[in-house]
2 protein chains.
Amino acid sequence: MNESVFNLVRNEHLQDKIVTAEEAALWIEHNMTLGLSGFTRAGDAKAIPMALVERAKREKSLFKVNVFTGASLGPEVDHFMAEAGIINKRLPFQADRSMRSKINSGEIVYIDQHLSHTAELIRNEVLEEIDFAIIEALAITEDGMIIPTTSVGNSAIFVQQAKNIIIELNVSHPGSFEGIHDVYLPAKQGERDPIPLKKVDDRIGTAGIPVDIEKIKGIVVTFQPDAASTIVPPDEETQEIADHLLTFLREEIKAGRLTEKLAPLQSGIGSVANAVFHGFLDSEFSDLEVYSEVLQDAVFDLLDAGKIRFASGCSITLSEEKGQNVYQNLDKYRDKLVLRPQEISNSPEIIRRLGLISINTAVECDIYGNVNSTHICGTKMMNGIGGSGDFARNARISIFVTKSIAKHGAISSIVPFVSHVDHTEHDVDVIITEQGYADLRGLSPRERVQVIITNCSHPMYRKQLLAYFEEALERGGQTPHVLEKAFSWHTNFAKNGTMLQEEGQLTGKH
Amino acid sequence: MNESVFNLVRNEHLQDKIVTAEEAALWIEHNMTLGLSGFTRAGDAKAIPMALVERAKREKSLFKVNVFTGASLGPEVDHFMAEAGIINKRLPFQADRSMRSKINSGEIVYIDQHLSHTAELIRNEVLEEIDFAIIEALAITEDGMIIPTTSVGNSAIFVQQAKNIIIELNVSHPGSFEGIHDVYLPAKQGERDPIPLKKVDDRIGTAGIPVDIEKIKGIVVTFQPDAASTIVPPDEETQEIADHLLTFLREEIKAGRLTEKLAPLQSGIGSVANAVFHGFLDSEFSDLEVYSEVLQDAVFDLLDAGKIRFASGCSITLSEEKGQNVYQNLDKYRDKLVLRPQEISNSPEIIRRLGLISINTAVECDIYGNVNSTHICGTKMMNGIGGSGDFARNARISIFVTKSIAKHGAISSIVPFVSHVDHTEHDVDVIITEQGYADLRGLSPRERVQVIITNCSHPMYRKQLLAYFEEALERGGQTPHVLEKAFSWHTNFAKNGTMLQEEGQLTGKH
Ligand SMILES: CC(C)(COP(=O)(O)OP(=O)(O)OC[C@H]1O[C@@H](n2cnc3c(N)ncnc32)[C@H](O)[C@@H]1OP(=O)(O)O)[C@@H](O)C(=O)NCCC(=O)NCCS
Ligand SMILES: CC(C)(COP(=O)(O)OP(=O)(O)OC[C@H]1O[C@@H](n2cnc3c(N)ncnc32)[C@H](O)[C@@H]1OP(=O)(O)O)[C@@H](O)C(=O)NCCC(=O)NCCS
């Protein structure tokens, strides 16, 4: 055994367990359920999934497995395993084009879950039993703890509940990641103590995942960095959204409801949320705290700029450039960072206690403030609800951002009735588009319509939205609707390629 | 001062504050915001609301107030104040026919909220400032604590945040209610400790609501019992729903996921939920625990039968008969009961920690498991979401019950697309109708359709539901839909008086 690997597998009982990915892949049988480490492309098991893909190509017999993870994984699983046709069931989140198309065709059974729920369902034995947990690790300590890498995700519950464990010891990650994690696993419901976390930087658990080493069947040594994040940089509209967010926050301070330090911030996944977070860079705000799920580029830019005091998350997903920079200087972030299991980063208990300001991205919103985060035109899955429901329901201020139009204006992101509801009017406090923001707190549905149309919808769709609402108003009700026309915008888009009722109004922009 | 009243107002500084309801009503000005005690007709302020109604009849000038409460109140507020036209804004819940019609016509501005959210919004100064808290009390202690009566609701936060307080000292309630309450108010978000409750019977607060006695402007002595609950007794279908619930629970025990003691139970408001809870009476289950919101007749029947060991709630709402019985024998329940503020009874933190089995009633469900709890045909408000969202999102097992048809079969309660979404597919684990139960946990949307249609829909609508799904399937997607027909069932009902596509299929039953 190579000396450096020897330093990483510090428990002597484990040192003869090293196998190749190909050997380990042979242990996995048709119909088994795998619990894979990884959250938004970070810290995911990579070698064994690829070995499974290769094995499936070689062997001709039917081979499919269920894949449970923290969230979306890198291409090895969500692209190549999906393409190879070896995934039966997938949960709780994905964000890959190939997998998405197999989900929408019905080939992959996809269970889209609140990211804080999966661990409870596993603990309560509601889901399939996990045959193999495959966990990427930085090291295994003397006393048999797995030190995770760039994410914690659901790894701790997988390790606790799985029948067998395989470790992917990935030596591409800097050793200084050790000490950044804080692993706390709640006991069973009904036997559980309050989660003792009171501040974003509290450490309440252990530096790694406690493991019964008898369950570790093998260790595969790999050297493969995480796949880089695919987010696109800020553009004019996301900059405008960021500006409106800052204006809203300043108004809250003026009203005496927030102080200059704001409240711990959560920001969702994707390009829009990342760009909006970037907006704090040129703002007067500093000493900010982050209590979020995935930490994207913007968080590290803000740490670099001294704007963020401390960031808590459950994974780190960076662009190639930012990634190199961060990993080479990890020591500088060590005392400003913690990574937790996703049932802690997304815990309703903690989100409510800390009083987060949460910022997530909508696919579309309706005039009453309901939000669709997942289904394009009501039917096709984009990614999944992710943690947005954990945060939106429990945050102190729940903000949703979106551009007011998509596809060069053929689609209005503000519609009469969202074609799928992920977040109800009760969980949406503020909507922000590049047009402005709508503060919906304390407003009745009819009152919300006015602010949303006026402040957030694109001018090209305003008249059309108002016309719908006026017709609906004639019928009355707490939430007036013209049900036979509620989805006409979506069906028009399907038929005519645009939600616009009159032709020839498309802008060249977007 | 009458001696018995003297015994109830035990703080000498307050003993000269006694006024009539008419005098107190004169303090209240147009456009003020009132925070009224009361939760589901229990423990509500009664005398001053009626004095306001009388005053409004006498005076001809414009007079309207905002009314914030715990949940629905008795007729004094939600019927007579509504009828008198003196309510401008109402939140967070109501369940009265008159108020409902004024809400749906747009005359009353109604903000339908998660019942655990209102206190946070008040604490964070997002809603209108409360000019007067009007709180029904059993007594005021020497050290200036208000002892509530049959509910705690939002009274504690109203007392803390209001500019002025008026007490309605209601001497109709038995004195032995003292000691049943447990008042715990979380600190501000971000400065808050974990809520230390770990078992349904833990007492974590004070026996009454701490009050700054300087704010108490007057005390009105009244003698008026709570309005009795209006729930209707179990019928054949609700009995069948209860049976299916018991079958489901037995299956969970068999699968090793629950023990005979089950887990703390929550049961929603209304006739159906009460009837279903009744089903435990003839079951083998005993030693049950309840951690719920309103405690209805069924809970006391189960306490009487020795089936329930302990019940925690935030109000007690009983039928006339059961009420008399319970209040005359209150001592017998003293050590088996606790009433808490609704932000504790409905706390996501506690619901998740205890791992509740929660049972709420749906107006309608769709084939994918989304639930409408509030809006008849998508537009007309029935009651409100109440606490159903607090429980459904955080419970260990979230169950929704409904009869499979309404209005003698003219309405199917299982539809292709619910006309309003209160609870998304992510928050609905089990649906039960008189036809059977659908266990949706771990199922993808397409898989859910089969179980819901087969197990839960009424046979008269099954073919029609399957036809919709088959047409939808041809278009594909994670959640297949025929958007232009998604609400056709509701529009057919509006046009033809039935959701049935072929005439002449109505049953005589229901
Ligand atoms: C909503 C979500 C998809 C947005 O992602 P994003 O990268 O910020 O958004 P973009 O504006 O780039 O839009 C993504 C795509 O959706 C399309 N789109 C946006 N709005 C649309 C609409 N109303 N109708 C149809 N398509 C739409 C865009 O055109 C773009 O399409 P493309 O990939 O073909 O270019 C993403 O945030 C998400 O999956 N959210 C749900 C999970 C979540 O919120 N997790 C956060 C918890 S931490
Ligand atoms: C959903 C809810 C209205 C059901 O109340 P209930 O008294 O148990 O139910 P019922 O079966 O008696 O139905 C109430 C009415 O709705 C009607 N109804 C039921 N299903 C319907 C449907 N799908 N479409 C239209 N009307 C329907 C019934 O016919 C009945 O009408 P009526 O009053 O004219 O006779 C009630 O539980 C509620 O308000 N829930 C939301 C709040 C909540 O869940 N709180 C619990 C947290 S503790």
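Naming: A, B, ... by sequence-line order, numbering from 1 per chain.
- Heavy atoms closer than 4.5 Å to chain B are found nowhere in Lys485(A), neither backbone nor side chain.
- For the residue pair Asp427(B) and His114(A), a side-chain donor N or O sits within less than 3.5 Å of a side-chain acceptor on the partner.
- Residues Glu425(B) and His420(A) meet the side-chain proximity criterion, which asks for heavy atoms closer than 4.5 Å.
- Contact between Ile103(B) and Gln478(A) at its shortest, heavy atoms only, is CG2-OE1, 3.1 Å.
- For the salt bridge (Lys or Arg N to Asp or Glu O under 4.0 Å) test, no residue two or more places apart in sequence or in another chain qualifies with Asp202(A).
- For a residue to count as touching a neighbouring chain, one of its non-hydrogen atoms must lie under 4.5 Å from one of that chain's; by this rule Arg192(A) touches chain B with backbone and side chain alike.
- If you measure heavy-atom distances from Thr491(A) to chain B, the contacts under 4.5 Å come from the side chain alone.
- Residues Leu483(A) and Ser419(B) approach most closely at CD1-CB, 4.3 Å, considering heavy atoms.
- Note that the OG atom of Ser444(A) and the CD1 atom of Ile108(B) stand 12.0 Å from one another [nearest 0.5 Å].
- No side-chain heavy atom of Arg353(B) sits less than 4.5 Å from a side-chain heavy atom of Ile195(A).
- Heavy atoms closer than 4.5 Å to chain B are found in the backbone of Gln113(A), but not in its side chain.
- Looking at Phe417(A), only its side chain comes within 4.5 Å of chain B, counting heavy atoms on both sides.
- Salt bridge Glu349(B)/Arg352(A): absent, no basic N to carboxylate O contact under 4.0 Å.
- For Lys380(B), there are no salt bridge (Lys or Arg N to Asp or Glu O under 4.0 Å) partners, not counting sequence neighbours.
- Residues Lys199(A) and Gly190(B) approach most closely at NZ-O, 2.9 Å, considering heavy atoms.
- Closest of all the heavy-atom pairs between Val126(B) and Arg257(A) is CG2-CD, 4.0 Å.
- The two residues Ala486(B) and Phe487(A) have their closest heavy-atom pair at CB-CE1, 3.9 Å.
- Contacts of His375(A) with chain B are made by side-chain atoms alone, with heavy-atom separations under 4.5 Å and no backbone atom involved.
- With a threshold of 4.5 angstrom between heavy atoms, Arg475(A) approaches chain B through N, CA, C or O but not through any side-chain atom.
- The backbone N or O of Gly389(A) sits less than 3.5 Å from a side-chain atom of Arg393(B), completing a donor-acceptor pair.
- Both the backbone and the side chain of Asp112(A) have a heavy atom closer than 4.5 Å to some heavy atom of chain B.
- Using a 4.5 Å cut-off between heavy atoms, Ser347(A) does not touch chain B at all.
- The heavy-atom pair separating Asn394(A) from Pro348(B) by the smallest distance is OD1-CG, 3.6 Å.
- Contact of Glu447(A) with chain B is made through the side chain alone, with heavy-atom distances under 4.5 Å.
- If you measure heavy-atom distances from Ser488(A) to chain B, you find no contacts under 4.5 Å at all.
- Leu443(A) touches chain B through its backbone: at least one of N, CA, C or O sits under 4.5 Å from a heavy atom, while the side chain does not.
- Contact annotation for Asp439(A): neither backbone nor side-chain heavy atoms come within less than 4.5 Å of a heavy atom of chain B.
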